[in-house]
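Position 1 is the first residue of the sequence; numbering continues from there.
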Amino acid sequence: MQLKPEALNSLKLPVRVKAGFLGSVKLKVPWSRLGQEPVLVYLDRIFILAEPATQVEGCNEDAVQETKISRVREMEIKLLESQQQLKSELNSSWLGSFISTVIGNIKLSISNIHIRYEDIERYLNPVCCISVSKYI
């Protein structure tokens, strides 16, 4: 399965995904004991090719750090607000409480991940890159 380049844009990372591939997604749902046993999500063979996001010229390092810090604070506030709203909505009914229990009991397993970061703008040699892999 191909990953869309804009798939991670909502995270506001300082990188842009040029290409990506997800080998397989498997779900193991214990239908007879849903809510008591975890729902298992397996992601396997993730390959990501990333490059630096284009930045406005003239920005100094302090401005970039300030922007990052403000983004983190915004995301934390939004996350807390959405969690509180979701809790109040879900706890108002049995179904909402059940869904909250199932979501809180999801277990995620990621294996065989490879991330390649290429910065062609800084280095004249396009072969220069950084790769991080974890094969389990």
Side-chain angles (χ1 to χ4, degrees):
M1 170 184 330
Q2 295 290 329
L3 294 178
K4 294 181 180 180
E6 62 273 1
L8 302 178
N9 286 353
S10 64
L11 298 177
K12 297 183 180 177
L13 298 173
V15 297
R16 186 176 74 84
V17 176
K18 285 175 65 173
F21 174 78
L22 176 59
S24 66
V25 177
K26 293 180 184 177
L27 293 174
K28 184 178 177 184
V29 181
W31 293 108
S32 61
R33 301 193 41 84
L34 193 61
Q36 297 170 352
E37 291 184 11
V39 175
L40 302 173
V41 180
Y42 298 99
L43 303 177
D44 187 33
R45 294 184 319 270
I46 301 171
F47 299 96
I48 297 174
L49 175 59
E51 66 182 2
T54 56
Q55 297 180 358
V56 178
E57 290 188 26
C59 287
N60 59 15
E61 190 64 31
D62 293 334
V64 172
Q65 289 292 38
E66 290 288 328
T67 304
K68 288 179 184 178
I69 291 170
S70 66
R71 285 181 183 170
V72 168
R73 287 184 184 147
E74 287 176 19
M75 290 175 65
E76 287 175 344
I77 291 169
K78 286 180 184 178
L79 179 63
L80 289 173
E81 289 174 351
S82 64
Q83 284 178 344
Q84 289 174 351
Q85 182 181 6
L86 183 62
K87 282 182 182 179
S88 65
E89 290 174 359
L90 291 179
N91 289 335
S92 63
S93 69
W94 176 84
L95 180 61
S97 176
F98 181 71
I99 291 172
S100 178
T101 301
V102 170
I103 290 174
N105 206 13
I106 290 177
K107 289 192 177 179
L108 179 65
S109 174
I110 301 174
S111 59
N112 300 329
I113 183 168
H114 179 86
I115 301 171
R116 180 181 173 104
Y117 178 79
E118 295 181 344
D119 191 351
I120 297 173
E121 293 176 5
R122 285 195 182 166
Y123 302 104
L124 298 176
N125 184 0
V127 180
C128 182
C129 66
I130 298 172
S131 291
V132 178
S133 296
K134 178 65 177 172
Y135 291 99
I136 299 172

Engineer: Under 3.5 Å, which donor-acceptor pairs link side chains of residues 42-50 to any protein atom two or more places apart or in another chain?
Structural biologist:
| unit_1 | atom_1 | unit_2 | atom_2 | d |
| --- | --- | --- | --- | --- |
| Asp44 | OD1 | Ser111 | OG | 2.9 |
| Asp44 | OD1 | Asn112 | ND2 | 2.8 |

Engineer: To the nearest 0.5 Å, what is the distance between CD1 (Ile69) and CD (Glu74)?
Structural biologist: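 That separation rounds to 12.5 Å.
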Engineer: Would a hydrophobic clustering, with Ile, Leu, Val, Met, Phe, Trp and Tyr connected at side-chain separations under 4.5 Å, put Val41 with Ile110?
Structural biologist: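 The answer is yes; both residues are in one hydrophobic cluster.
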Engineer: Should Trp31 and Val102 be regarded as members of a common hydrophobic cluster, given that ILVMFWY residues are connected when their side-chain heavy atoms come within less than 4.5 Å of each other, either directly or indirectly?
Structural biologist: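 Looking at the clustering, Val102 is in the same group as Trp31.
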Engineer: Give the table of side-chain donor-acceptor pairs shorter than 3.5 Å for residues 14-30, with sequence neighbours excluded, one pair per line with atom names and distance.
Structural biologist:
| unit_1 | atom_1 | unit_2 | atom_2 | d |
| --- | --- | --- | --- | --- |
| Arg16 | NE | Glu51 | OE2 | 2.8 |
| Arg16 | NH2 | Glu51 | OE2 | 2.0 |

Engineer: Got a second to check how far Leu3's CG is from Met1's CE, nearest 0.5 Å?
Structural biologist: 8.0 Å
